[in-house]
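Okay, structure first, notes after.
Everything numeric here is computed off the predicted structure, so don't read it as measured data.
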Amino acid sequence: MKVRIGVGMGAAGAADSDTFAATVQHMEQLRFDSLWLSEVLTGLVVDPLAGLSYAAGVTRKLKLGTTMTVTGRNPVRMAKELATIDRLSGGRLLLVFVPGLSDRFEDQALGMPVAERGAWIDEVLPLTRRLWSEDSVSHQGARLCYQGLTVHPRPVQDPLEVWLGGTARSALRRAGRLSDGWLPSLCTPAEAAAGRAAIEAAAAEVGRRIDPEHFGISLAYAREAISAGQAARIAKRRPGLDPAALIPVGMTGVREMLERYIDVGFSKFVLRPGDAPDSWPSELDELAAGVLALQT
């Protein structure tokens with residue numbers, strides 16, 4: 001099993017160009033597998049596509065990942081943007097499509113009810129793959145209609161894979177039917193193993209198979225103690241669950257948690273500091289010393 005470890009800058013990311021460039025270059029020098037930027041329209045994070053484009057220009061080998069909200073996006077424009085980033089980066093783009101967070105700010109920004117977001121992915125993901133691979137795409141769907149479209153440039157990666165996230169039953173079935181892999185967050189190793197089994201069963205029902213190497217975890221961690229802010233976020237999304245079951249503390253705790261996921265067949269990881277580090281170089285140095293020996 002090929003274990004790969006990336007770093008998510010998330011809400012703890014850097015918004016000025018010098019710090020951002022120095023951080024992603026340091027990730028590459030330390031031999032982390034990938035940089036990850038998440039999309040939260042009303043959050044403090046940089047736009048992931050703009051951020052990854054910038055990162056592509058200041059790195060050479062670091063893979064460039066995003067958990068991006070596809071809800072409400074023009075799929076033709078999105079397909080062209082993503083293909084362009086993959087082309088200009090030399091085939092380093094990693095994608096996870098998500099329906100987007102649900103709170104009173106993101107709901108307004110996305111402009112689509114939560115109940116309709118899964119159906120949007122159902123229609124847009126297969127369409128996007130066709131736009132990346134076919135010379136003339138015609139589509140008549142519940143939300144979108146196109147006739148004879150062609151999109152260039154094409155991605156370097158053939159195919160450019162799309163993973164999904166989510167742990168709800170509907171999300172697991174969607175991952176089995178449509179995705180190339182699964183990258184959830186906020187689930188224990190036991191829950192992750194159960195989710196994988198459900199996805200593999202859903203894939204088998206439609207004659208598909210998910211590569212066994214394509215199961216990963218996006219994992220937030222705490223340096224010294226779980227902060228009140230982290231605990232509040234966990235309480236909102238996983239009420240009744242002890243935050244310590246989901247958030248490892250310290251580098252020893254992070255490594256031990258990763259080993260538990262590896263033991264149940266997960267091999268691709270995105271590690272995210274739960275709170276903004278005082279120094280990204282120091283954070284990355286400690287993280288590398290603590291966990292990169294697991295990378296194969």
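Residue Leu271 is not grouped with residue Ile226 when hydrophobic side chains (ILVMFWY) are merged at heavy-atom distances under 4.5 angstrom, including chains of intermediate members. In this structure, Leu178 is not a member of the same hydrophobic cluster as Leu94, with clusters built from ILVMFWY side-chain heavy atoms closer than 4.5 Å. Both Leu294 and Ile217 are members of a single hydrophobic cluster when ILVMFWY side chains are connected at heavy-atom separations under 4.5 Å. The cluster map of Ile, Leu, Val, Met, Phe, Trp and Tyr, joined by side-chain heavy atoms under 4.5 Å apart, puts Val24 and Ile5 in the same cluster. In the hydrophobic clustering of this structure, Tyr146 groups with Ile121; members are Ile, Leu, Val, Met, Phe, Trp, Tyr whose side-chain heavy atoms approach within less than 4.5 Å, directly or through other members.
For the pair Arg238 (side chain) and Leu186 (backbone), a donor-acceptor distance under 3.5 Å is present. A side-chain donor-acceptor contact under 3.5 Å links Glu28 to the backbone of Lys61. Here the side chain of Arg154 pairs no donor or acceptor atom with the backbone of Ala83 at under 3.5 angstrom. Of the possible polar contacts, one joining the Trp132 side chain to the Ala79 backbone as a donor-acceptor pair under 3.5 Å is found. Here the side chain of Trp163 pairs no donor or acceptor atom with the backbone of His214 at under 3.5 angstrom. The closest donor-acceptor contact from the side chain of Thr296 to the backbone of Val3 lies under 3.5 Å. Panel note: side chain Gln157, backbone Leu93; a donor-acceptor pair is recorded below 3.5 Å. Judged by distance alone, the side chain of Glu283 and the main-chain N or O of Pro273 form no donor-acceptor pair under 3.5 Å. Between the side chain of Asp242 and the backbone N or O of Ala245, no donor-acceptor pair lies under 3.5 Å.
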Open item on the list: Could you walk me through whether Arg117 and Asp107 satisfy the salt bridge (Lys or Arg N to Asp or Glu O under 4.0 Å) test, starting with their C-alpha distance in whole Å, then the side-chain angles of each, then the deciding distance to 0.1 Å, before giving a yes or no?
Closed with: CA-CA 11 Å; Arg117 296 180 191 176; Asp107 289 347; 2.8 Å; yes

Open item on the list: Checking Glu286 against Arg223 for the salt bridge (Lys or Arg N to Asp or Glu O under 4.0 Å) test, could you report, in this order, the C-alpha distance in whole Å, the side-chain angles of both residues, the deciding distance, and whether it holds?
Closed with: CA-CA 10 Å; Glu286 289 190 36; Arg223 287 179 57 84; 3.2 Å; yes

TODO: Could you give me the CA-CA distance, side-chain angles and deciding distance for Gln25 and Leu62, then say whether side chain to side chain contact (heavy atoms under 4.5 Å, CB included) is met?
DONE: CA-CA 8 Å; Gln25 288 171 337; Leu62 188 71; over 6 Å; no

Task: Audit row: Glu256, Arg260, salt bridge (Lys or Arg N to Asp or Glu O under 4.0 Å) steps and yes/no - done: CA-CA 6 Å; Glu256 290 175 350; Arg260 291 174 61 199; over 6 Å; no

TODO: Please lay out, stage by stage, how Asp33 and Lys2 fare under the test salt bridge (Lys or Arg N to Asp or Glu O under 4.0 Å).
DONE: CA-CA 11 Å; Asp33 179 70; Lys2 296 178 181 178; over 6 Å; no

Open item on the list: For Thr42 and Gln108: C-alpha separation, side-chain torsions, deciding distance, then whether side chain to side chain contact (heavy atoms under 4.5 Å, CB included) applies.
Closed with: CA-CA 9 Å; Thr42 59; Gln108 294 177 70; over 6 Å; no

Open item on the list: The test is side chain to side chain contact (heavy atoms under 4.5 Å, CB included); show your working for Leu82 and Leu49 and say whether it passes.
Closed with: CA-CA 8 Å; Leu82 296 175; Leu49 300 190; 3.7 Å; yes

Open item on the list: Show, in sequence, the C-alpha distance, side-chain angles and deciding distance for Leu219 and Tyr261, and conclude whether the side chain to side chain contact (heavy atoms under 4.5 Å, CB included) test is met.
Closed with: CA-CA 11 Å; Leu219 181 66; Tyr261 287 116; 4.3 Å; yes

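Shortest non-hydrogen contact noted between Ser185 and Arg237 is OG-NH2, 4.0 Å. Contact between Arg73 and Met78 at its shortest, heavy atoms only, is CD-SD, 3.6 Å. Considering every non-hydrogen atom in both Ser89 and Ala56, the closest pair reads CB-CB, 3.9 Å. Shortest non-hydrogen contact noted between Val70 and Trp120 is O-NE1, 2.9 Å. Scanning all heavy atoms of the two residues, the minimum distance from Gly274 to Arg233 falls at O-NH2, 3.2 Å. The shortest heavy-atom contact between Val76 and Leu131 is CA-CD1, 4.0 Å.
Judged by distance alone, the side chains of Ser38 and Arg272 never bring a donor and an acceptor atom under 3.5 Å apart. For Arg4 and Ser34, the side-chain atoms include no donor-acceptor pair closer than 3.5 Å.
Once rounded to the nearest 0.5 Å, the distance linking CZ of Arg169 with CZ of Arg174 reads 14.0 Å. Atoms CG and CG, from Leu64 and Asp86 in turn, are 9.0 Å apart once rounded to the nearest 0.5 Å. Atom CG of Leu35 and atom CE of Met9 lie 7.0 Å apart (nearest 0.5 Å). In this structure, OG1 in Thr67 is found 11.5 Å from CZ in Phe97, a value given to the nearest 0.5 Å. Once rounded to the nearest 0.5 Å, the distance linking CG of Leu241 with CD1 of Ile234 reads 7.5 Å. For the atom pair CG (Asp16) and CZ (Phe20), the distance works out to 10.5 Å, reported to the nearest 0.5 Å.
The shortest side-chain heavy-atom distance between Tyr221 and Met257 does not fall under the 4.5 Å cut-off. Under the 4.5 Å side-chain criterion, counting only non-hydrogen atoms from C-beta, Thr23 is not in contact with Val7. Between Thr188 and Leu246 the shortest side-chain heavy-atom distance falls below 4.5 Å. The closest side-chain heavy-atom distance from Glu116 to Thr71 is not below 4.5 Å. Between Leu164 and Leu125, some side-chain heavy-atom pair lies under the 4.5 Å cut-off. Between Val264 and Arg196, every side-chain heavy-atom pair lies at or beyond the 4.5 Å cut-off. Between Glu39 and Val45, the closest side-chain pair of non-hydrogen atoms is not below 4.5 Å. A 4.5 Å side-chain heavy-atom check between Asp211 and Glu161 finds every atom pair outside the cut-off.
Under 4.0 Å is where a charged nitrogen must lie from a carboxylate oxygen, and between Glu205 and Arg177 no such pair does.
Within a 6.0 Å radius of CZ in Arg31, other residues, nucleotides and ligands contribute 12 heavy atoms or fewer. When the shell of 6.0 Å around CG of Asp263 is examined, it contains more than 12 heavy atoms from other residues, nucleotides or ligands. Atom CZ of Arg208 has more than 12 heavy atoms from other residues, nucleotides or ligands within 6.0 Å.
Residues passing the side-chain contact (heavy atoms from CB on, under 4.5 Å) test with Ala21 are Tyr54, Val58, sequence neighbours excluded.
Ring planes of Trp182 and Phe215: perpendicular class, angle over 60° (limits at 30 and 60°).
Listed by first and then second residue, the side-chain hydrogen bond (donor to acceptor under 3.5 Å, both in side chains) pairs involving residues 74-84 amount to none (not counting sequence neighbours).
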